[in-house]
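Side chains included, hydrogens not; waters and symmetry mates left out as well; all remaining heavy atoms used. The structure presented is a predicted model; accordingly, all values stated were derived computationally and were not measured.
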Amino acid sequence: MRYLLLIYTPESDTPPPDDVAAASHAAYATFTADIKARGLFLAGEALTPTATATTVRVADGQTLTTDGPFAETKELIGGYYLLEARDLAEAIRLAAGIPGAKMGCVEVRPIAEDEQTVRALRAAPRSP
């Protein structure tokens with residue numbers, strides 16, 4: 001089964017010291033290499049800071065945009081992994097190994113793979 005692991009960590013206006021950033025990058029590289037070697041990795045990316053985000057809403061047929069994330073919170077999504085796991089227990093064990101889990105949290109979400117959802121997604125018109 002596929003799971004999306006959303007990594008929530010505190011966001012800061014100032015970059016971390018070089019040694020802290022290097023240690024974090026090394027920890028993520030080690031984790032990513034491990035899950036790739038085990039054949040569990042499907043996708044994963046780091047995200048840019050929330051200051052670069054745009055939130056989109058549609059109200060009364062009008063598209064409304066605002067800068068930044070949709071909610072005020074201390075922890076923001078900094079990245080994700082899309083993994084293949086046997087079950088939720090394995091997905092939770094994998095999430096616990098993500099370095100960001102030590103500073104924030106990791107939300108584990110199963111990917112909808114039921115027939116109704118898959119059919120609806122296949123039938124959805126494609127954007128040009």
Side-chain angles (χ1 to χ4, degrees):
M1 182 161 196
R2 295 177 303 151
Y3 290 88
L4 184 63
L5 282 54
L6 297 163
I7 305 162
Y8 292 82
T9 55
E11 188 170 63
S12 174
D13 291 337
T14 58
D18 290 344
D19 60 330
V20 172
S24 177
H25 285 97
Y28 273 98
T30 298
F31 177 80
T32 304
D34 176 60
I35 60 175
K36 283 182 175 182
R38 295 168 55 197
L40 305 173
F41 178 88
L42 299 174
E45 297 291 342
L47 301 175
T48 60
T50 58
T52 66
T54 301
T55 298
V56 178
R57 291 180 177 83
V58 176
D60 298 324
Q62 297 291 321
T63 300
L64 308 170
T65 62
T66 54
D67 292 339
F70 69 93
E72 294 296 321
T73 181
K74 292 179 184 176
E75 294 177 333
L76 301 159
I77 299 174
Y80 71 92
Y81 284 100
L82 177 61
L83 304 179
E84 184 73 36
R86 277 188 308 279
D87 53 27
L88 180 59
E90 182 180 33
I92 290 170
R93 282 192 300 276
L94 292 165
I98 295 174
K102 294 179 179 83
M103 300 174 289
C105 66
V106 178
E107 179 181 344
V108 177
R109 301 272 301 267
I111 300 297
E113 297 179 316
D114 60 278
E115 283 188 44
Q116 183 179 5
T117 301
V118 171
R119 275 196 312 272
L121 291 172
R122 285 188 188 136
R126 303 268 184 216
S127 298

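When the side chains of ILVMFWY residues are joined at heavy-atom separations under 4.5 Å, either directly or via intervening members, Leu4 and Met1 end up in two distinct hydrophobic clusters. Placement of Leu6 and Ile111 within a single hydrophobic cluster is found when ILVMFWY residues are connected by side-chain heavy-atom separations under 4.5 Å, directly or transitively.
Looking at every heavy atom in both residues, Pro99 comes nearest to Phe31 through CD-CB, 4.2 Å. Across every non-hydrogen atom of Ala85 and Leu94, the tightest pair is CB-CD1, 4.3 Å. Shown here for Ala101 and Ala96, the closest heavy-atom pair between the two residues is CB-O, 4.2 Å.
The list of salt bridge (Lys or Arg N to Asp or Glu O under 4.0 Å) pairs with a residue in residues 84-101, not counting sequence neighbours, reads Arg86-Glu90. Legend: salt bridge (Lys or Arg N to Asp or Glu O under 4.0 Å) pairs involving residues 17-32, not counting sequence neighbours: none detected. Each ring-ring contact (aromatic ring centres under 6.0 Å, His included) pair with one or both residues in residues 93-117, not counting sequence neighbours, would appear here, but there are none.
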Got a list of side-chain donor-acceptor pairs under 3.5 Å for residues 102-110, not counting sequence neighbours?
{"residue": "Glu107", "atom": "OE1", "partner": "Tyr8", "partner atom": "OH", "Å": "2.8"}
{"residue": "Glu107", "atom": "OE2", "partner": "Arg109", "partner atom": "NH1", "Å": "3.0"}

List, one per line, each side-chain donor-acceptor pair under 3.5 Å for residues 34-43, sequence neighbours excluded.
{"residue": "Asp34", "atom": "OD2", "partner": "Arg38", "partner atom": "NH1", "Å": "3.1"}

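For Val58, the side chain to side chain contact (heavy atoms under 4.5 Å, CB included) test picks out Thr63, with sequence neighbours left out. The salt bridge (Lys or Arg N to Asp or Glu O under 4.0 Å) check on Glu45 picks up nothing, with sequence neighbours excluded. Looking at residues two or more places apart in sequence or on another chain, you find no side chain to side chain contact (heavy atoms under 4.5 Å, CB included) involving Ala23. For Thr52, the side chain to side chain donor-acceptor pair (under 3.5 Å) partners are Thr48, not counting sequence neighbours. For Thr30, there are no side chain to side chain donor-acceptor pair (under 3.5 Å) partners two or more places apart in sequence or in a different chain. Residues forming a side chain to side chain donor-acceptor pair (under 3.5 Å) with Gln62 (at least two apart in sequence, or on another chain): none.
For the atom pair CD1 of Ile7 and OH of Tyr80, the computed distance is 10.0 Å after rounding to the nearest 0.5 Å.
Members clustered with Leu64: none, using a 4.5 Å side-chain heavy-atom cutoff among hydrophobic residues.
Ring pair Tyr28/Tyr81 is parallel by interplanar angle, where below 30° counts as parallel and above 60° as perpendicular.
Looking at Leu47 and Leu76, their side chains never come closer than 4.5 Å, going by heavy atoms from C-beta outward.
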